[in-house]
Amino acid sequence: MSTAMTKVVQSSRTSRIAGLVAIVLILALLSAAGWADRGTLSLLMEFFCYLALAEMWNLLAGFAGIVSLGQQAFLGLGGYALFFAALRLGWNPLEAFLLAGVAGAIIAVPSALVVFRLHGAYLAIGTWVLAEVLRLIFSEVPSLGAGSGISLPVKFAKSVHLGGMHRDAVLYLAALALALITILASYLLLRSQRGLALTAIRDNELGARSSGVRIFSVKLMVFAATGLGTGFTGALLYLAKLRISPLAAFDVNWTSYMIFMVVIGGVGTLEGPIVGTLVYFILRQYLADLGSWYLIILGVVAVTVMLRLPMGIWGTVARKYDISLFPTRRRVLFDQDKPTTPGVAASSAETTA
Amino acid sequence: MEVLRIENLKKSFGAIKVADAVNLSIAKGEAVGIIGPNGAGKTSLFNLISGNLAPDAGKIYLLGKDVTAMGAEMRCRAGIGRTYQIPQPFSGMTVFENCLVAATSGAGKSERASYDNCAEVLREMHLLAKANVLAGSLTLLERKALEVARALCSEPRVLLLDEIAGGLTTAEASELVETLRGVHTRGVAIVWIEHIVHALVAVVNRLVVIDFGAKVMEGDPAEVMASAEVKRIYMGMEAHDAA
Ligand SMILES: Nc1ncnc2c1ncn2[C@@H]1O[C@H](COP(=O)(O)OP(=O)(O)OP(=O)(O)O)[C@@H](O)[C@H]1O
Ligand SMILES: [Mg+2]
């Protein structure tokens, strides 16, 4: 065949309706910076930070097959990079924030060279060890408060503002942007040609390797990108907390929550982590007063979902009704006029968005 | 022109020798069949050639270039396509997308530039009607066909086929034979492991017999099949086919 004949599309009606709803929702969320009270804003800020973290862990574990237990390494590193830039370099909040993300991405590359030699449970433990090593290192740095941690000066916190907006509103908007950019970037990645390779790795690493997918470089790209995003998120979370300590910043619980949200929502889909983060925050809002019962309930919810809905809440719904808010699937359009020779529609190849 | 050369290839798993100083040369456009009893080391030989397994000793050359140190993904890109005896589909992707992965990553083409070829390969493998179906929902036979389609989409110079005809009816097997003859005439060298010998000998021009990791015989398919040695080894295999 010399001319392009096969017509392929990559969209669905659900995506257009979802797109409209998303725009309305995003506008409403943006406006919240103007009218919501400080308590609501800081809760929403935390929500979007967690959402970004969940989406990134999903990209790592759900797609690239890197089941990391050590994402707190990048989160803590981002937090500490921000404090270091603010306290020791005298940088302004924006500069310090940018450093945090870059630090996460830069550390991710040599870490990957070590960690990617491991597989399965060993890889998970390897990443955890990496985070523990960082925790021990930061516990030994007196200029950053060593083991007991360090606070940001009030002056620095006050310097976080944007056109007269209060700090809480600025941090909320930054978290919202972080979550939206994470989701949008993941979506564009998955729709792209590289996304084909990444999804192939998700489904079958052996098959992907034998189809010429450069596993290492795809994984490295994902690991570095999530290192960047997790670093940013860590910086934002600790900019809001104003105090950082090695024990809290490099706590493996950070990754436990990411896993909880992704597994509950549905691993390997972009919608899953959104559902999972909502479930997590709803449980936390209503049950956190119950003390240790809260953790027990979280555990029961996790186990129940894993046993009854192994694909997670979204994964199960999506399969049952065949819906997707972020469609990436390519569909060959068959020529309706010639049902006897299906397959090749007589129009040029195009991809509609 | 020599497409693939294997020199003195050795591999053991503990006491089991799966490749015992194997030498093999495959010319452009040649189709070679590999037979041998269960556990003889046929799949292991493919794993060594495709880079899924590192040899203990020996060399592998593709188009005169030493690829022994290359990883599996680079060997695919260099022109070694393979199927798996147990199919390895991308279950959550459509049949068409499975092919696109091989076309973009393996053949190094842009996505759009590979649409037509992927559709054509799927038509050849009788999978075009299933192009938009998730690979995970295919039957075993369809999955085997998809293995071949995907390997073809990576545009290999040499295609390694590991038991793709098992379970086919006689009519389906002869269609497969026709398709492979077509692939073969386009200049792709084929190495085909198959227990369904009548399908195999309809395509290949040389037959290699492997037992205990060693090449015990090689030559014209009819002569090899008639030899006393193969008849002896074959007693077990026919019993297996009947089971
Ligand atoms: N990764 C491995 N580790 C240990 N032993 C292995 C491994 N892979 C294969 N073997 C063993 O090597 C021997 C050869 O296996 P192989 O799969 O190559 O046989 P085969 O000729 O393809 O057989 P079949 O006709 O059943 O497909 C078998 O005894 C098998 O159990
Ligand atoms: Mg085998």
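Each chain gets a letter, A, B and so on, in the order the sequences are listed, and its residues count up from 1.
Contacts with chain A were tallied for S50(B), G51(B), S91(B), A78(B); S91(B) has the most, counting heavy-atom pairs under 4.5 Å. Ranked by non-hydrogen atom pairs under 4.5 Å with chain A, the options C153(B), G108(B), A102(B), C118(B) are led by A102(B). Taking P156(B), P89(B), P87(B), A103(B) one by one and counting their heavy-atom pairs under 4.5 Å with chain A, the maximum is reached by P89(B).
T104(B) has its side chain within reach of S114(B): a pair of non-hydrogen atoms, C-beta onward, lies under 4.5 Å apart.
F90(B) carries R150(B) over the face of its six-membered ring, with the cationic atom under 6.0 Å from the centre and within 45° of the normal.
Ion pair R5(B)/E2(B) flagged as a salt bridge, since at least one NZ, NE, NH1 or NH2 atom sits closer than 4.0 Å to an Asp/Glu carboxylate oxygen. In this structure, E111(B) pairs ionically with R330(A), as a charged nitrogen and a carboxylate oxygen lie closer than 4.0 Å.
Neither the backbone nor the side chain of T83(B) comes within contact range of chain A; no heavy atom of the residue lies under 4.5 Å from a heavy atom of that chain.
Side-chain rings of F116(A) and F223(A) approach one another, their centers coming within less than 6.0 Å.
Defined by atom type and a distance below 3.5 Å, a donor-acceptor pair is present between the side-chain atoms of T43(B) and D162(B).
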### Message
As a quick check of understanding, evaluate salt bridge (charged side-chain N to carboxylate O under 4.0 Å, His left out) for R186(B) and E124(B), giving each step before the final call.
### Response
CA-CA 13 Å; R186(B) 291 202 294 268; E124(B) 258 185 338; 3.1 Å; yes
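Proximity to chain B among residues 198-211 of chain A is limited to T199(A), A200(A), R202(A), D203(A), N204(A), L206(A), G207(A), A208(A), R209(A), S210(A), S211(A), judged by heavy-atom separations below 4.5 angstrom.
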